[in-house]
**Q** 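Here you go, one structure.
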There are 2 protein chains.
Amino acid sequence: MKDVAAAAGVSLKTVSRVVNGEANVNETLRTAVLESIAELGFRPNAGARGLRQGRSGTVGLLLEDVADPFYSILSRAVEEVAREHGTMVFAGSSAEDPARERELALAFCERRVDGLIVVPAGASHSYLLPEMRAGIPVVFVDRPPGDIEADMVLTDNTGGTRRGVDHLLAHGHRRIGFIGDAPEIYTAGERLRGYREALESAGIDFSDELVTQAPPNPESTAAALDRLLAGPSPATALLCGNSRTTVSVLRELARREASLALVGFDDLELGDLLQPGLTVVAQDPAAMGAAAARLLFQRITGGPPGDAAGDASGPTQTITIGTRLIARGSGEIPPP
Amino acid sequence: MKDVAAAAGVSLKTVSRVVNGEANVNETLRTAVLESIAELGFRPNAGARGLRQGRSGTVGLLLEDVADPFYSILSRAVEEVAREHGTMVFAGSSAEDPARERELALAFCERRVDGLIVVPAGASHSYLLPEMRAGIPVVFVDRPPGDIEADMVLTDNTGGTRRGVDHLLAHGHRRIGFIGDAPEIYTAGERLRGYREALESAGIDFSDELVTQAPPNPESTAAALDRLLAGPSPATALLCGNSRTTVSVLRELARREASLALVGFDDLELGDLLQPGLTVVAQDPAAMGAAAARLLFQRITGGPPGDAAGDASGPTQTITIGTRLIARGSGEIPPP
DNA sequence: CTGAAAGCGCTAACAG
DNA sequence: CTGTTAGCGCTTTCAG
């Protein structure tokens, strides 16, 4: 920039003004500066600007895995909102490892991101408190933070499974199984709750042998299926608590050449091409990402408390995103 | 950092030494500094450090769409390699828009990324020349750059389709259709070439009416299918040039309750669960991302020309990643 | 082993 | 409308 100033025969500040599109610059000088910029291939250093302005024009996005379709769609939605704010996004995968989550989050903070969107992997997030007090707003997505208060964007998990069970009930099922994730996981607990509530509303007793809570790997899922289909009155329908479980169940059913009514939680890309088509309770990762990003930028650009345009320090907000039941066949199979 | 120094009663430089783990610091002072750091919740400002050192510890990754499974897997692989180098990655989606690609690439450069990995959307990349000359290494992935020379990581597209056609030939097909993407797209051209070569090697005449080059949307694909299946000697097998086309074909075949031997280029998540299972020529996006990232860091950390550990200014390299044929059923359907 | 001074590239605050 | 000065937070250089 010094060079540009010299080449154009003006001061540093004038170049700065031109670069930042400030008014009050003589047209002649402006064109001279622009010419020098083009000639020298000058590109302003955003890092240096950030140092001065206290804003980096970046946000951090911490997911379990950027390669997982759910998160990659969420990610794209965050990117689009960030783009509207001239902001770039750092994305990182925690790989469900709390230590790695923390390491990444703090690395983002060292880069002085203007804000952080986090899908929690760990159960404790107090390590973020100093950063939050230092002015970095944090929004949690998909799951609440462990031991702090902050903005959140969640799926209506309970409502989702309730809807799924209601659907199976409406198709005549009374023995409905549920295979959910490990109970430590927030979403797993909420989804199980919806399952129980739906049964209760229908006046059907909750039965332990119809429910399994286990990690969504093929082995646990196969074992869970065994349990469900054994005994004198086996399940005639099944609700899967997450998409990986759904995939494991589908593979296992294909292997056994067995079939039962099936509703998955969270959609799968090619669900419509399976036979029968896969009925799901669909989440909306794009809406979650967009909501989280909007909330974050509201905090980042937020005015004083009570400001109409957004409040940087107001009380924490929780946004709940609804689910949608998509009937494609598998959930409409009648009981035998 | 100033505050830490004051609190610990030492100079700025000593704190800097401790933070950077330099040797030659008195143990007593070191612990005093570490205590102050913990007390004040101090976190070094990576941007300021970068300003001084001329390195930001970031790289930019420019894809068509971070939400596309192919790219999100590639993305994760880049992230893992970057992690080994203590580097964070900015990811951005060009949405196949050359203007947006350029805008993003230059925004990354303003953030002074240490390097850039680009999946080209546009046909011209000379706009990157000044940045490359200024010392930002760029690696292109999946497609070559438009009008400059640079490192690249490509799929063996030609070999891939050759393999797919050979597979169908081996299963007795002689009328093999090909639906590929628009010919302007590099990969589309390469894949078509492989198709032709395979037919030629088998001594089968290339027939225009068996080939369609069109965007992979449902309408064009349906029209292409019409052409292939019409006439006196319709295609008995089909090779799809990309995964979106494959999905469109599968939907269209399901709608028509038609069937023919099918091999897709690029794998689909649930390909094994379809009926029949989907036979594909699989690319390896993770290997592509990892190779690109390794190449990039070789340039970033590269020594002088000829250096064994990597050469920052050596001649451009092209890495070709092979494909793998995965037979699952659809590609083994015999001709009627 | 430690510290003081200079400066990375830029902009805020204040002159002219 | 334009320029000067100071300093963002850190590291490099060189002197103790």
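Only this structure's heavy atoms are used, side chains among them; waters, hydrogens and symmetry mates stay out. Chain A is the first sequence line, chain B the second, and so forth, proteins listed ahead of strands; every chain is numbered from 1.
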**Q** Nearest-Å distance, CZ (B:Arg111) to C1' (C:dC10)?
**A**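 Distance, rounded to whole Å: 14 Å.
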
**Q** According to a strict under-4.0 Å criterion, is A:Gln53 in side-chain N/O contact with OP1 or OP2 of C:dA12?
**A**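 Yes.
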
**Q** Separation of B:Glu27 atom CD from C:dT2 atom C1', in whole Å?
**A**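 Rounding to the nearest Å, CD of B:Glu27 and C1' of C:dT2 are 15 Å apart.
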
**Q** Parallel, tilted or perpendicular for A:His125 and A:Phe140, by the 30°/60° rule?
**A**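 Geometry flag for A:Phe140 against A:His125: perpendicular rings.
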
**Q** Supply the atom-to-atom distance B:Arg100 CZ to A:Arg83 CZ, rounded to the nearest 0.5 angstrom.
**A**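 B:Arg100 atom CZ to A:Arg83 atom CZ measures 3.5 Å (nearest 0.5 Å).
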
**Q** Please determine which of B:Glu190, B:Glu96, B:Glu101, B:Glu64 meets the salt bridge (charged side-chain N to carboxylate O under 4.0 Å, His left out) test together with B:Arg143.
**A**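 For B:Arg143, the salt bridge (charged side-chain N to carboxylate O under 4.0 Å, His left out) check succeeds only for B:Glu64.
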
**Q** Measure CG/A:Leu12 against C1'/D:dA6 and give the value in whole Å, please.
**A**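 Rounding to the nearest Å, CG of A:Leu12 and C1' of D:dA6 are 13 Å apart.
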
**Q** Look for any protein N or O under 3.5 Å of an N or O in nucleotides 7-9 of chain D and output each such pair with its distance, or none.
**A**
{"residue": "D:dG7", "atom": "N2", "partner": "A:Arg52", "partner atom": "NE", "Å": "3.4"}
{"residue": "D:dG7", "atom": "N2", "partner": "A:Arg52", "partner atom": "NH1", "Å": "3.2"}
{"residue": "D:dG9", "atom": "N2", "partner": "B:Ala48", "partner atom": "O", "Å": "3.4"}

**Q** Who passes side-chain hydrogen bond (donor to acceptor under 3.5 Å, both in side chains) against A:Asp142, sequence neighbours left out?
**A**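 A:Asp142: no side-chain hydrogen bond (donor to acceptor under 3.5 Å, both in side chains) contacts found.
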
**Q** For B:Ile148 and B:Ser126, which heavy atoms make the closest approach, and how far apart are they?
**A**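 Shortest heavy-atom contact: CG2-CA, 3.6 Å.
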
**Q** With a 4.0 Å heavy-atom cut-off, tell me which residues in residues 13-25 of chain B come close to DNA chain C, sorted by residue number.
**A**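 Going residue by residue through residues 13-25 of chain B, the ones with a heavy atom under 4.0 Å of DNA chain C turn out to be B:Lys13, B:Thr14, B:Arg17, B:Asn24, B:Val25.
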
**Q** State the CG-OG distance between A:Leu63 and A:Ser72, to the nearest 0.5 angstrom.
**A**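 Nearest 0.5 Å value for the CG-OG distance: 9.0 Å.
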
**Q** From A:Met1 CE over to A:Arg49 CZ, what is the distance, rounded to the nearest 0.5 angstrom?
**A**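 Result: 9.0 Å between the selected atoms.
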
**Q** Just how far is it from atom CD1 of A:Ile136 to atom CZ of A:Arg299, taken to the nearest 0.5 Å?
**A**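 That separation rounds to 15.0 Å.
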
